[in-house]
Amino acid sequence: MAKENIIHLGNNGLSLIQTENGSGNKIKINEYRYIPFEEGTIINGVITNIDNAREALTDIKKIGAKSATLVVDSGKEARKICVVPSTKTKNIERICANEIKLLNEEFENPIYDYIYIDSAKTGGNKILLSVIEKEFIQTYVELFEEVGIKLNRIDMSTNALIKLTENTKEFSKKNYAIVLVDGNGVSSLIFNDNKFVFRNFSRITAMPKTDAYIDELVALIIQLRQFNQTQYIEKEIEAVYFGGLDDFEEEALFPIIKETLNIKAQRYEFNKNIVLSKKLTNFAIHRNLIAIGSSVKR
């Protein structure tokens, strides 16, 4: 089975996992490295301290990562769910190019990707169109070239998380949210019947491990619930699965969500298709969901 290095540059640090795909949608994680960043090295996916990011990638290359997949995670990505006919890829690409012009975003030089979500009730298929400026991606491409790490492919984080949820049998036909916390950055996704419907990026102003920090997270879940109730009247969020929180924050937050909103809250760390190497005794699945999702093959 072919092995793949996957790199995700978050607000707090660089994560590298080495995976291989097995039978029955199994994903084996063989290696893991994490290199913390200086504060402010990356903000919302934008590299603001190129020297620190370069140093981290250089360290990754020294341990043998000469090629890798990059997962891009940024609120600068525009997203739109589109209905397209069952047709050839080149025709879908033409539809995507037209849809980009209709977005409430101004792109000078957009590049895009799309991923299948579901069949549409009116016929055809629902896809998620993701659009971002080429210049944004080019910064990463040039940095990887400078360090000498070959980029095999670039994945969008939303697409990676959609693939991950599809690969999680426990989510079948459920209505839920996934909330990923990366320092003061928060990414929230809603899935109804285990199909993606919404993603939002936001920031928390309070310091981690404080009451104010927990209060802001609770307010965020309330907003998610209200949005879902407004847009999808028949779909109630049954559970919220978190990634990136520490034990203290989980113990403070989860009971509040359950008691005040009657929504189950727990750590996302139970996908039976994820198999860890025996040496990865301290690997935290919930802190690496984006990278793991990118390794899922459709």
Side-chain angles (χ1 to χ4, degrees), residues 1-22 25-38 41-74 76-77 89 93 96 107 109-115 130-164 167 182 274-277 279-280 283 285 287-298:
M1 293 179 287
K3 297 179 180 180
E4 181 180 23
N5 295 318
I6 299 176
I7 294 175
H8 170 229
L9 286 77
N11 291 334
N12 288 340
L14 180 154
S15 298
L16 165 74
I17 63 171
Q18 185 191 82
T19 67
E20 57 183 314
N21 292 81
N25 296 323
K26 296 291 184 182
I27 302 167
K28 183 178 180 183
I29 301 175
N30 298 314
E31 302 285 349
Y32 170 68
R33 294 289 189 279
Y34 179 77
I35 300 177
F37 287 144
E38 296 176 7
T41 294
I42 291 184
I43 300 175
N44 193 22
V46 178
I47 302 175
T48 57
N49 185 337
I50 196 74
D51 292 333
N52 191 220
R54 184 190 300 111
E55 182 181 349
L57 283 171
T58 300
D59 289 343
I60 286 296
K61 184 186 177 184
K62 288 178 180 178
I63 62 173
K66 297 181 180 180
S67 65
T69 290
L70 168 66
V71 193
V72 176
D73 185 34
S74 175
K76 291 185 174 296
E77 166 200 351
T89 299
E93 291 174 349
C96 289
F107 292 98
N109 193 4
I111 58 175
Y112 70 90
D113 194 8
Y114 67 88
I115 187 170
S130 300
V131 189
I132 204 161
E133 281 285 1
K134 183 177 181 180
E135 182 181 0
F136 177 87
I137 296 294
Q138 193 62 33
T139 302
Y140 283 94
V141 172
E142 292 174 356
L143 180 58
F144 273 70
E145 287 179 349
E146 180 183 350
V147 173
I149 298 177
K150 178 185 176 183
L151 276 177
N152 297 323
R153 63 185 177 93
I154 298 175
D155 200 1
M156 305 298 287
S157 62
T158 308
N159 294 358
L161 291 166
I162 289 173
K163 291 187 293 183
L164 177 69
N167 195 43
D182 184 11
I274 300 172
V275 180
L276 301 180
S277 170
K279 63 184 177 183
L280 298 181
F283 182 81
I285 291 174
R287 294 187 181 276
N288 295 278
L289 297 178
I290 290 173
I292 294 171
S294 184
S295 71
V296 175
K297 306 302 179 188
R298 278 185 149 193

Student: Report yes or no: does T69 contribute a side-chain atom to a donor-acceptor pair with the main-chain N or O of N152 at less than 3.5 Å?
Tutor: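 No: the side chain of T69 does not pair with the backbone of N152.
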
Student: Is the closest side-chain heavy-atom distance between I60 and L14 below 4.5 Å?
Tutor: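 Heavy-atom side-chain distance check passes, below 4.5 Å.
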
Student: Identify the heavy atoms of S15 and Y34 that sit nearest to each other, and give their distance.
Tutor: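 That would be OG-CD1, 3.4 Å.
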
Student: Spell out, as yes or no, whether a donor-acceptor pair under 3.5 Å connects the side chain of N12 to the backbone of P36.
Tutor: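 Side chain of N12 to backbone of P36, a donor-acceptor pair under 3.5 Å: no, none is there.
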
Student: Could you check whether any side-chain N or O of N5 sits under 3.5 Å from a backbone N or O of S67, counting only pairs where one atom can act as donor and the other as acceptor?
Tutor: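 Yes; judged by distance alone, with no hydrogens or angles, the pair exists.
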
Student: Counting neighbours of NZ on K66 that are heavy atoms of other residues, nucleotides or ligands and sit closer than 6.0 Å, is the number greater than 12?
Tutor: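 Atom NZ in K66 is not packed in, count stays at 12 or less.
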
Student: Take F283 and I17 through the test side chain to side chain contact (heavy atoms under 4.5 Å, CB included) and record every step on the way to the result.
Tutor: CA-CA 10 Å; F283 182 81; I17 63 171; 3.9 Å; yes

Student: If you compare all heavy atoms of L57 against all heavy atoms of I149, which two are closest, and at what distance to 0.1 Å?
Tutor: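 What the structure gives for the nearest pair is O-CD1, 3.6 Å.
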
Student: Got a second to check how far Q18's CD is from L280's CG, nearest 0.5 Å?
Tutor: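 Here the interatomic distance stands at 10.0 Å.
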
Student: Rounded to the nearest 0.5 Å, what separation is found between the CD1 atom of I6 and the CD1 atom of I292?
Tutor: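 CD1 of I292 is found 9.0 Å from CD1 of I6.
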
Student: Answer yes or no: is there a donor N or O on one side and an acceptor on the other, between the side chain of N49 and the main chain of N52, under 3.5 Å?
Tutor: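 Yes.
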
Student: Of the non-hydrogen atoms in A53 and F37, which two are nearest, and what is the gap between them?
Tutor: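 That closest heavy-atom pairing would be CA-CE2, 4.2 Å.
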
Student: Just do the side chain to side chain contact (heavy atoms under 4.5 Å, CB included) check on H8 and N288 with the steps written out, would you?
Tutor: CA-CA 8 Å; H8 170 229; N288 295 278; over 6 Å; no

Student: May I ask you to test the N109-E133 pair for a side-chain heavy-atom distance under 4.5 Å?
Tutor: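 The answer is yes, as the side chains (C-beta and beyond) meet within the 4.5 Å cut-off.
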
Student: Under 4.0 Å between a Lys/Arg side-chain N and an Asp/Glu carboxylate O for D155 and K163?
Tutor: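 Salt bridge flag = yes for K163 with D155.
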
Student: Run V141 and L143 through side chain to side chain contact (heavy atoms under 4.5 Å, CB included) and show every step you take.
Tutor: CA-CA 5 Å; V141 172; L143 180 58; over 6 Å; no

Student: Rounded to the nearest 0.5 Å, what's the gap from CZ on R287 to OH on Y32? Could you check?
Tutor: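 So the CZ of R287 and the OH of Y32 are separated by 8.0 Å.
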
Student: Between K150 and F144, is there a side-chain heavy-atom distance shorter than 4.5 Å?
Tutor: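 Side chain of F144 against side chain of K150, heavy atoms only: no contact under 4.5 Å found.
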
Student: Under 3.5 Å, side chain of D73 to main-chain N/O of S157, donor-acceptor pair present?
Tutor: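 Pair absent, no side-chain N/O of D73 close to backbone of S157.
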
Student: Look only at the side chain of T139 and the backbone of E135, and say whether a donor-acceptor pair between them is shorter than 3.5 Å.
Tutor: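 The answer is yes, because a donor-acceptor pair under 3.5 Å joins these two groups.
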
Student: Out of curiosity, S294 OG to L289 CG, how far, rounded to the nearest 0.5 Å?
Tutor: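 S294 OG to L289 CG: 12.5 Å, rounded to 0.5 Å.
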
Student: With a 4.5 Å heavy-atom cut-off, do N159 and S130 have their side chains touching?
Tutor: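 SC-SC contact between N159 and S130 confirmed.
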
Student: With the side chain counted from C-beta on, respond yes when I27 and N167 share a heavy-atom pair under 4.5 Å apart, and no when they do not.
Tutor: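 I27 reaches N167 side chain to side chain.
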
Student: Kindly give the heavy-atom pair with the smallest separation between A56 and I35, and that separation in Å.
Tutor: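 Taking A56 first and I35 second, the nearest heavy atoms are O-CD1, 3.4 Å.
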
Student: Could you tell me which non-hydrogen atom of F136 sits nearest to which non-hydrogen atom of G45, and how far apart they are?
Tutor: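 For F136 versus G45, the nearest heavy atoms are CZ-O, 3.3 Å.
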
Student: Can E146 and R54 be counted as an ion pair, charged N to O under 4.0 angstrom?
Tutor: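 Salt bridge: yes.
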
Student: Can you confirm whether T41 sits close enough to N11 that some side-chain heavy atom of one is under 4.5 Å from a side-chain heavy atom of the other?
Tutor: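 Side chain of T41 against side chain of N11, heavy atoms only: no contact under 4.5 Å found.
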
Student: Mind running side chain to side chain contact (heavy atoms under 4.5 Å, CB included) on I111 and V131 for me, showing each step along the way?
Tutor: CA-CA 6 Å; I111 58 175; V131 189; over 6 Å; no

Student: In terms of side-chain geometry, is the basic nitrogen of R153 or E4 positioned less than 4.0 Å from the acidic oxygen of its partner?
Tutor: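 Between E4 and R153 there is a salt bridge, with a charged N closer than 4.0 Å to a carboxylate O.
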
Student: Using a strict threshold of under 4.0 Å (side-chain N to carboxylate O), is an ion pair present between K279 and E31?
Tutor: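 Salt bridge present between E31 and K279.
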
Student: Quick check for you: to the nearest 0.5 Å, what is the distance between N44 atom CG and E77 atom CD?
Tutor: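 With rounding to 0.5 Å, CG (N44) is 10.5 Å from CD (E77).
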
Student: Within the 4.5 Å heavy-atom criterion, are I63 and L16 side-chain neighbours or not?
Tutor: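 Yes, close enough: below the 4.5 Å cut-off.
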
Student: Would you say the side chain of N30 lies within less than 4.5 Å of the side chain of T19, judging by non-hydrogen atoms?
Tutor: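 Counting from C-beta outward, T19 and N30 never come under 4.5 Å.
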
Student: How long is the straight-line distance from OH of Y140 back to CG of L151, given to the nearest 0.5 Å?
Tutor: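 It is 11.5 Å, given to the nearest 0.5 Å.
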
